[in-house]
Amino acid sequence: MPEPLLEVSDLRIRFGGFTAVDGLSFSVRPGEVLGVVGESGSGKSVSMLGVLGLIRTPGAEVSGQVVFRGRDLLALKNAEMRAVRGREIAMIFQDPMTALTPVYTIGWQIAEQIRAHEKVSRRAARERAIELLGEVGIPAPEQRVDAYPHEFSGGMRQRAVIAMALSCNPALLIADEPTTALDVTTQAQILDLMRRLRADHGSAVVMITHDMGVVSEIADEVLVMYGGRAVERGSRRQVFHAPRHPYTWGLLDSVPRVRGARARRLPTIPGTPGASGQGCPFADRCAHSFAACAEVPPLTGGSGHLDACWLPEEKRTR
Ligand SMILES: Nc1ncnc2c1ncn2[C@@H]1O[C@H](COP(=O)(O)OP(=O)(O)OP(=O)(O)O)[C@@H](O)[C@H]1O
Ligand SMILES: [Mg+2]
C-alpha cells in the first residue's frame, strides 16, 4: 500500500453556529480515484474548499489536519498554499464562472495558467491551450481559443475550466461535479481524460458527484457523505455490491435505471444537517432507526470498508 498522497483528519468547518463539516477524515493514495457522493448540502463542496484553504467567509472556523505530501496544508501561509494550488493540486469548481475571468479570452486564461507553472513561450502555451480545448471536446479549438467566456455556453465553459485544471498535470485533481452540466458524450470524454491523467501522470482524482453512474464507472474508492460526515467508505465494489449504511441504500435505489440518463439531483435534506450534534444525523430519515441512534455512531469496520451505523449485522441487508 503506497503512502497516502492526501490525508484529511477530523476536518471541521463552522459558519457561525452552523456546522457544515463535522469531523471528516479520509485519505487518497497516488493514482487513486475517490468518488465523493451525498445529497445536496451534505458538505461535499465545503469540505474540499476547506482542504484547499479556500474558505473565505468571514468568521468561518476551519480545524483539523490536511496533510498533502507530508505538509499540513492548513498550516501553510497563503503564498505557499497558492503555489500548491494549481501546480500540485488543481480544482474544478462546481460553478465554472468562479474560475474564469470575463475580461480575458479563454485561450489567454489557459495559456497564463500553463505559463504560471512552466517555462514555455507564449506561442507554445497557446498551442497547448488549443490542444487542451480540443481534448475536452471544444469544436474548432483554433478559433474558439480567442473567444471570451460569455461567448461560450455553460457546458463549453465547464470544459474550458477542465482544460485549465488539466493543463499542469496536477498530482491531485479535485473535481466538483465536473460532468453534471454536460451531455452524455462529452461526459464520457471527460471521464476518459481523467483516466488518462491518471495513466500518464499517476495523478489522483477526488470526484464529487451526484451521479452514482459516474462513480461506478470511474471511482476506485467511494466516500458517502451525509450531514457533513462520512457515513460510509469503501472500495467501489464494497459500496456498490455490499453497501452497509441505510443512507447508501437510499442513494443506490435512486440511481436512474436507464443507462446514460442524466442523474436527477437528489432531494435536499430537511432541517439543518449536523447542526444539532445530537445522535446519528440520518436517524430522523432512517427507516431502521432505533434507541442506539440517539448517540453518534463512529465510522468503523474492517477490510477498508467503514460505516457509521449502529444497526446489528443481521439487519445490514437492503
Ligand atoms: N460560506 C458559507 N456560509 C454559510 N454556510 C455555508 C457556506 N458554504 C456552504 N454552507 C452550507 O454548508 C452546507 C454544505 O454545503 P456544500 O456546498 O458543501 O454542499 P454540497 O454537498 O456541495 O451540496 P451540492 O450537492 O448542492 O453542491 C450547506 O448547508 C450550505 O448551505
Ligand atoms: Mg457542492
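Both counts, for ligands and for their atoms, begin at 1 and track the order of listing.
Seen from the Mg ion (ligand 2), atom OE1 on Q94 and atom OG on S45 lie at an angle near 90° (rounded to 10 degrees).
Residue nearest to atom 20 (P) of ligand 1, selected from A60, G38, G41, G50: G41 (by heavy-atom distance). For atom 25 (O) of ligand 1, the nearest non-hydrogen atom from the set Q94, R56, M225, K44 comes from K44.
Taking every heavy atom of F18 and a limit of under 4.0 angstrom, the matching atoms of ligand 1 come to 11 (C), 12 (O), 13 (C), 29 (O). Listed by number with element, the atoms of ligand 1 under 4.0 Å from a non-hydrogen atom of H210 are 25 (O). Taking a cut-off of under 4.0 Å to the non-hydrogen atoms of A20, the atoms of ligand 1 that pass are 12 (O). Each of the following atoms of ligand 1 lies closer than 4.0 Å to a heavy atom of E39: 21 (O).
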Assess whether salt bridge (Lys or Arg N to Asp or Glu O under 4.0 Å) is satisfied between E221 and R233, documenting all intermediate values. CA-CA 7 Å; E221 292 282 316; R233 161 77 201 245; 3.1 Å; yes
Salt bridge (Lys or Arg N to Asp or Glu O under 4.0 Å) between E135 and R196, worked out: CA-CA 11 Å; E135 284 178 9; R196 247 172 52 207; 3.4 Å; yes
Salt bridge (Lys or Arg N to Asp or Glu O under 4.0 Å) between R316 and E313, worked out: CA-CA 5 Å; R316 294 303 189 101; E313 205 49 51; 5.5 Å; no
Salt bridge (Lys or Arg N to Asp or Glu O under 4.0 Å) between D220 and R236, worked out: CA-CA 5 Å; D220 304 305; R236 167 177 57 181; 5.5 Å; no
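When distances to the Mg ion (ligand 2) are checked against a cut-off of 2.8 Å, S40 contributes no N, O or S atom below that limit.
Here V46 has heavy atoms under 4.0 Å from ligand 1 in both its backbone and its side chain.
Polar contact with ligand 1: absent for S47 (N/O pair, distance under 3.5 Å). Residue G43 places at least one N or O, backbone or side chain, under 3.5 Å from an N or O of ligand 1. Polar contact check, E177 against ligand 1: no nitrogen or oxygen pair lies under 3.5 Å apart.
Summarising the geometry, atom NE2 belonging to H288 is positioned 8.5 Å from atom SG belonging to C309; distances are rounded to the nearest 0.5 Å.
The only member of V36, V222, V214, L34 that meets side chain to side chain contact (heavy atoms under 4.5 Å, CB included) when paired with M207 is V214.
Classified by interplanar angle (parallel below 30°, tilted 30° to 60°, perpendicular above 60°), the ring pair F282/H245 is tilted.
Cluster membership for V21 and F18, using ILVMFWY side-chain heavy atoms within less than 4.5 angstrom, is shared.
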